[in-house]
Amino acid sequence: MPKPQLLDFLHVLAFNVFAIAAVIATVTAAIVTLQLKEAPQFYNSPDCPSITNIEDDPNGESSIFCSDQAVHVAVTLDWAYIRGSMAVILSVLQHSSCPQNIVFHFVTSAAANVSFLHGTISSSFPYLNFQIYPFDDASVSNLISTSIRSALDCPLNYARSYLANLLPLCVTRVVYLDSDLILVDDIAKLAATPLGDNSVLAAPQYCNANFTSYFTTTFWSNPSLSLTFANRKPCYFNTGVMVMDLDRWRNGDYTTKIEEWMEIQKQMRIYELGSLPPFLLVFAGNIVPVDHRWNQHGLGGDNFRGLCRNLHPGPVSLLHWSGKGKPWARLDANRPCPLDASWAPYDLLQTPFVLDS
């Protein structure tokens, strides 16, 4: 088979594998859903701004879903990470001073059973303000290159690049959160991060990390590519926690800019990871830095072994199990890392892991 045809065949095969996996997960999801508990209801403190939650505005949007006084949170939603997503919701609500003013925007695969997902969320959080947006995997599957870990190649991992297209135009700012983290602080503090006059996003950045390691020698040896970072001081930042100005994103057409780098990656192999490097190529050196307390990341270990890791020095507002090891999987296997005990109280499974005394 000629090489171009072989690559096309492999792309189609990979997409079909993801589709089949989604169907299998949907079939088995009912068992998981029946085991999820209902979370307690959380109420605003007296000084929270009042946002009408029932009446529709003239454009047909429920007022809270368009309010700039609400805190808008975007999370991807699939069955493989359903317990993680539920823990995110619970941790956000529990530590918020104005939980009734939080709106969740869930992005899921178009192949998923949206009504079933909607029922699952509503059963555990009957009073939650949320909407679900199907993401067409096919729109990005042909742009994805294989990375060092197959889980990173899931099309839904790339949905964060399309939030400005998926969410209503009236949503101008959103906090994006991965599904493998918990907050132990008020998300309104993070959402209020000033973005200045021009910045599109804010995130904790780590300038001590070896930035060059995120790209291949092919990239750095090509002047037309490596000059991308000329006049910039790029630092690594983790895309699992970001404050995003969606209006500026739309005006700058940043989804197209990310896709252009993914096209180059298909041709030249300029990085080894999944959806992170295109973000770095477009934004590194041009973001608003956020205190590291808002992304104590890497708790899942590296992408190969998933070994236990400790927190970084300093205060903690958000714990993030980025990397191979996920807390629910390690707890279920009775092989938890010490910090997995911090995630366990937010697990809504009916029979959660019980720590030995």
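In this view, H72 and H105 satisfy the ring pair (Phe, Tyr, Trp, His ring centres under 6.0 Å) rule, not counting sequence neighbours. Residues satisfying the side-chain hydrogen bond (donor to acceptor under 3.5 Å, both in side chains) test with H292, not counting sequence neighbours, are none. Every residue meeting the salt bridge (charged side-chain N to carboxylate O under 4.0 Å, His left out) condition with D180, not counting sequence neighbours, appears here in chain and number order: K326. With sequence neighbours excluded, no residue forms a ring pair (Phe, Tyr, Trp, His ring centres under 6.0 Å) with H320.
Between K189 and D185 there is a salt bridge, since a side-chain N of the basic residue sits under 4.0 Å from a carboxylate O of the acidic one. A salt bridge is absent between D245 and R173; no separation between the charged side-chain nitrogens and carboxylate oxygens falls under 4.0 Å.
Checked against the 6.0 Å centroid threshold, F135 and Y133 do not count as a close aromatic pair. For F279 and W261, the distance between ring centers is not under 6.0 angstrom. Ring centers of W249 and Y162: at least 6.0 Å apart, outside the cut-off. Ring to ring, F125 and F104 are not that close: their centroids are 6.0 angstrom or more apart. Checked against the 6.0 Å centroid criterion, the rings of F229 and F211 qualify as a close aromatic pair. Here Y206 and F237 keep their ring centres 6.0 angstrom or further from each other.
The backbone N or O of K37 sits less than 3.5 Å from a side-chain atom of S124, completing a donor-acceptor pair.
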Using distance only, find each side-chain donor-acceptor pair of residues 192-203 under 3.5 Å and give its atom names and separation, not counting sequence neighbours.
{"unit_1": "T193", "atom_1": "OG1", "unit_2": "L190", "atom_2": "O", "d": "2.6"}

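Checked against V171 for a side-chain contact (heavy atoms from CB on, under 4.5 Å), the options L163, V103, L246 give a single hit: L246.
Every pair passing disulfide (SG to SG under 2.5 Å) that includes a residue from residues 78-143 is listed here, sequence neighbours excluded: C48-C98.
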